[in-house]
Amino acid sequence: MGSFDSGVKGYVYGTVTVRVGFPIDWNDLAHISCVHCQFYSPVSKRCQLNKEIIDFPEKYVGDMCPLEVEKSKEE
């Protein structure tokens, strides 16, 4: 393990792509909200991707949600 006593020169970044499935009910209504996301922590009420506190996780996704929702294949 390196020593960073004199600071950090820079960073090497890694990138990951995640895929989250949001449920669609029998009326074809997609329920896209944080409470249905596998990266939402109900204990801390935070997104585990960006650490944002989510105010209404059962209704919306957070303002800083990094997910880009795909269009339906039928649209």
Report yes or no: do [X] and [Y] belong to one cluster of Ile/Leu/Val/Met/Phe/Trp/Tyr joined by side chain heavy-atom distances under 4.5 Å?
X	Y	value
Y13	F4	yes
I32	V20	yes
V69	L29	no

Quick test of your reading: applying side chain to side chain donor-acceptor pair (under 3.5 Å), list the pairs with at least one residue in residues 51-68, sequence neighbours left out, ordered by first then second residue.
Q48-K51
To check you understand the geometry: which heavy-atom pair defines the closest contact between [X] and [Y], and what is its length?
X	Y	answer
S33	F22	O-CE2, 3.4 Å
H31	D25	NE2-OD2, 3.1 Å
L49	P66	CD1-CG, 3.9 Å
I54	G62	CD1-CA, 3.9 Å

Validation row: R46, Y40 side chains within 4.5 angstrom (heavy atoms):
no
So with a 6.0 Å cut-off around CZ of F56, is the heavy-atom count from everything else above 12?
no
At what distance, to the nearest 0.5 angstrom, does CD1 of I53 lie from CE of M64?
13.5 Å
Working to the nearest 0.5 Å, report the span between CG of L67 and SG of C47.
7.5 Å
